Amino acid sequence: MIIGVPKEIKANENRVSIIPGGAEALVHAGHTVLVERGAGIGSGFDDEAYRQAGAVVVESADEVWARSEMIVKVKEPIAPEWPRMREGQVIFTYLHFAASEELTRAVMDSGAVAIAYETVQLPTGELPLLTPMSEVAGRLAVQQGAKYLEKYFGGRGILLPGVPGVEPATVVILGGGVVGSNAARMAAGLGARVVLMDVSLNRLRYLADVMPANVTLVYSNRHNILTQIAQADLLIGAVLLPGKKAPHLVRREDLKVMKPGAVIVDVAVDQGGCVETIHPTTHDNPIYEVDGVIHYGVANMPGAVPRTSTLALTNATFPYALTLANKGWREACRGDRALALGLNVVAGKVTYPGVAEAFGLPYTPVEEVL
Ligand SMILES: NC(=O)c1ccc[n+]([C@@H]2O[C@H](COP(=O)([O-])OP(=O)(O)OC[C@H]3O[C@@H](n4cnc5c(N)ncnc54)[C@H](O)[C@@H]3O)[C@@H](O)[C@H]2O)c1
């Protein structure tokens with residue numbers, strides 16, 4: 001199969017969908033890999049690395065799209081890319097169709113086969129192509145929080161681990177899923193006093209087994225949240241209600257119980273945030289202050305560390321890309337239910353219920369297109 005790797009053109013997107021090691025494995029399996037010039041630069045992979053891996057570096061995005069049977073990307077195609085999509089072409093990438101009817105209709109009109117990273121789902125319910133980005137965001141939340149606690153940025157001027165004779169900072173984390181548990185491990189490793197809160201008792205029991213001794217597990221309810229945020233130097237939001245807006249667990253009036261110069265990093269901002277006063281910010285201008293509390297609301301945190309994010313993402317996506325290349329999309333999806341759940345649009349038909357519902361479009365069960 002001919003597999004295309006276009007350069008990402010969405011603003012500030014430096015990740016790349018296939019690294020040279022992946023290209024090498026695809027070429028070894030008998031495929032041709034076309035990489036747009038400069039596609040890997042933002043993640044530290046130059047064109048020469050792709051050439052050495054056996055890939056063909058081509059000059060333009062048009063050429064990559066025109067020649068490839070499968071396009072592997074990171075972000076959803078944006079408007080300038082829409083005319084390049086074509087009938088029968090497989091597009092394997094993050095798509096987030098439910099957020100854009102225009103994109104959904106553009107892909108439907110193109111006749112392409114769109115497989116969305118974010119809806120590939122294992123029988124356990126896990127979303128294996130979202131997990132790596134939550135791991136990155138969870139760990140980065142602590143790194144960013146530590147930075148904005150510095151006085152220069154308006155923070156409390158407190159060092160997370162303290163020093164001998166000086167108490168460590170208190171880090172309170174709302175939500176003990178992938179983001180929350182990664183944040184907790186990172187903060188605990190730095191020596192902070194960590195409080196991790198969740199509503200799932202089973203999850204709390206599991207976390208109690210695996211977390212270090214400086215992580216305390218507390219059931220998440222209104223009373224406990226108010227008690228804990230009053231102690232927090234750094235508050236991390238990491239709650240998710242699948243398919244819904246995040247609940248506002250911390251309200252505007254609650255900020256007055258917090259310490260002046262405390263920092264809130266609300267990772268759940270992409271689902272509306274679990275802190276009422278959070279709004280999305282960018283890497284260029286990541287923080288703002290409300291009632292003396294610093295707010296950080298970057299909605300695409302992994303973009304700050306594209307090298308790590310690319311490696312983490314491609315570790316997870318590559319085995320699926322290889323199966324798609326080896327077997328073709330239909331055989332690959334027949335053989336792997338998790339991958340079949342990634343099918344969102346096939347030849348003009350919407351095959352993912354959430355997307356059909358979002359725009360009142362007819363829904364075609366995946367089985368009918370397989
Ligand atoms: N900003 C970014 O760049 C970025 C990157 C990755 C993920 N995210 C977002 O981070 C959020 C968390 O993702 P995740 O992968 O950790 O999800 P997850 O499903 O693994 O974890 C969510 C946790 O929240 C818990 N929860 C639900 N209601 C709660 C409540 N009232 N109080 C406390 N805990 C509660 C759940 O029990 C679950 O353990 C999502 O909104 C995700 O989209 C953002």
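These figures come from a predicted structure and were not determined experimentally. Every number for a ligand or one of its atoms is a count from 1 in the order of the listing. If you read the sequence from its start, that first residue is 1, and numbering goes on from there.
Residue, atom and distance of the protein heavy atom nearest to atom 21 (O) of ligand 1 are Gly177 CA, 3.2 Å. Ala137 CB, 3.4 Å is the protein heavy atom nearest to atom 5 (C) of ligand 1. Among all protein heavy atoms, the one lying closest to atom 44 (C) of ligand 1 is Val267 O, 3.0 Å. Closest to atom 20 (O) of ligand 1, if we only count protein heavy atoms, is Val178 N, 2.9 Å. What sits closest to atom 11 (C) of ligand 1 on the protein, heavy atoms only, is Val239 O, 3.9 Å. At the shortest separation from atom 38 (C) of ligand 1 among protein heavy atoms lies Asp198 OD2, 3.5 Å. Remark: minimum distance from atom 8 (N) of ligand 1 to any protein heavy atom is reached at Asp270 OD2, 3.6 Å.
When heavy-atom distances to ligand 1 are checked against a 4.0 Å cut-off, Met301 comes that close through both its backbone and its side chain.
Close contacts between ligand 1 and Leu241 involve ligand atoms 27 (C), 28 (N) [criterion: under 4.0 Å to a heavy atom]. When each atom of ligand 1 is checked for a heavy atom of Ala299 under 4.0 Å away, the hits are 1 (N), 2 (C), 3 (O). Less than 4.0 angstrom separates some heavy atom of Gly175 from each of these atoms of ligand 1: 24 (O), 33 (C), 34 (N). Counting the atoms of ligand 1 from 1 in the order shown, those under 4.0 Å from a heavy atom of Ala268 are 41 (O). The ligand atoms of ligand 1 that sit less than 4.0 angstrom from a heavy atom of Pro302 are 3 (O). Close approach to Asn300 involves these atoms of ligand 1, each under 4.0 Å from a residue heavy atom: 3 (O).
Among the candidates Leu130, Leu127, Thr317, Val74, the single residue satisfying the side chain to side chain contact (heavy atoms under 4.5 Å, CB included) test with Tyr117 is Thr317.
No donor-acceptor distance shorter than 3.5 angstrom exists from the side chain of Gln121 to the backbone of Pro123, with no hydrogens or angles considered. Checking side-chain atoms of Asp233 against main-chain N and O of Ala262 turns up no donor-acceptor pair under 3.5 Å.
The shortest N/O to N/O separation between Pro247 and ligand 1 does not fall below 3.5 Å. The shortest N/O to N/O separation between Gly180 and ligand 1 does not fall below 3.5 Å.
Nearest residue to atom 33 (C) of ligand 1 from Ala304, Ser134, Ser220 is Ser220 (criterion: closest heavy atom). Of the listed options Leu174, Leu201, Val179, Val179 places a heavy atom closest to atom 14 (P) of ligand 1. Of the options Leu249, Leu240, Val298, the smallest heavy-atom separation from atom 27 (C) of ligand 1 is shown by Leu240. Across the listed options Leu140, Val199, Asn182, Val199 owns the non-hydrogen atom lying nearest to atom 26 (N) of ligand 1.
In this structure, Glu167 places its CD atom where only 12 or fewer heavy-atom neighbours from other residues, nucleotides or ligands lie under 6.0 Å away.
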Side-chain atoms of residues 351-370: list all donor-acceptor pairs with protein atoms under 3.5 Å, sequence neighbours left out, distances to 0.1 Å.
unit_1	atom_1	unit_2	atom_2	d
Thr351	OG1	Leu343	O	2.9
Thr351	OG1	Asn344	O	3.2
Glu367	OE2	Arg337	NH1	2.9

Check residues 175-189 and write down every donor-acceptor pair under 3.5 Å in which the side-chain atom is one partner and the other belongs to a residue at least two apart or another chain.
unit_1	atom_1	unit_2	atom_2	d
Ser181	OG	Gly177	O	2.7
Ser181	OG	Val178	O	3.4
Asn182	OD1	Arg139	NE	2.7
Asn182	OD1	Arg139	NH2	3.0
Asn182	ND2	Val178	O	2.8
Arg185	NH2	Val210	O	2.8

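No side-chain donor from either of Ser43 and Arg307 sits under 3.5 Å from a side-chain acceptor of the other.
Looking at Val298 and Thr282, their side chains never come closer than 4.5 Å, going by heavy atoms from C-beta outward.
Between Glu59 and Arg37 a salt bridge is recorded (basic side-chain N to carboxylate O distance below 4.0 Å). Electrostatic pairing of Glu8 and Lys73 counts as a salt bridge here, judged by a charged N lying under 4.0 Å from a carboxylate O. Contact check on Asp62 versus Arg67 returns no salt bridge, with no Lys/Arg side-chain nitrogen under 4.0 Å from an Asp/Glu carboxylate oxygen. With salt bridges taken as basic N to acidic carboxylate O contacts below 4.0 Å, none links Lys256 and Asp291.
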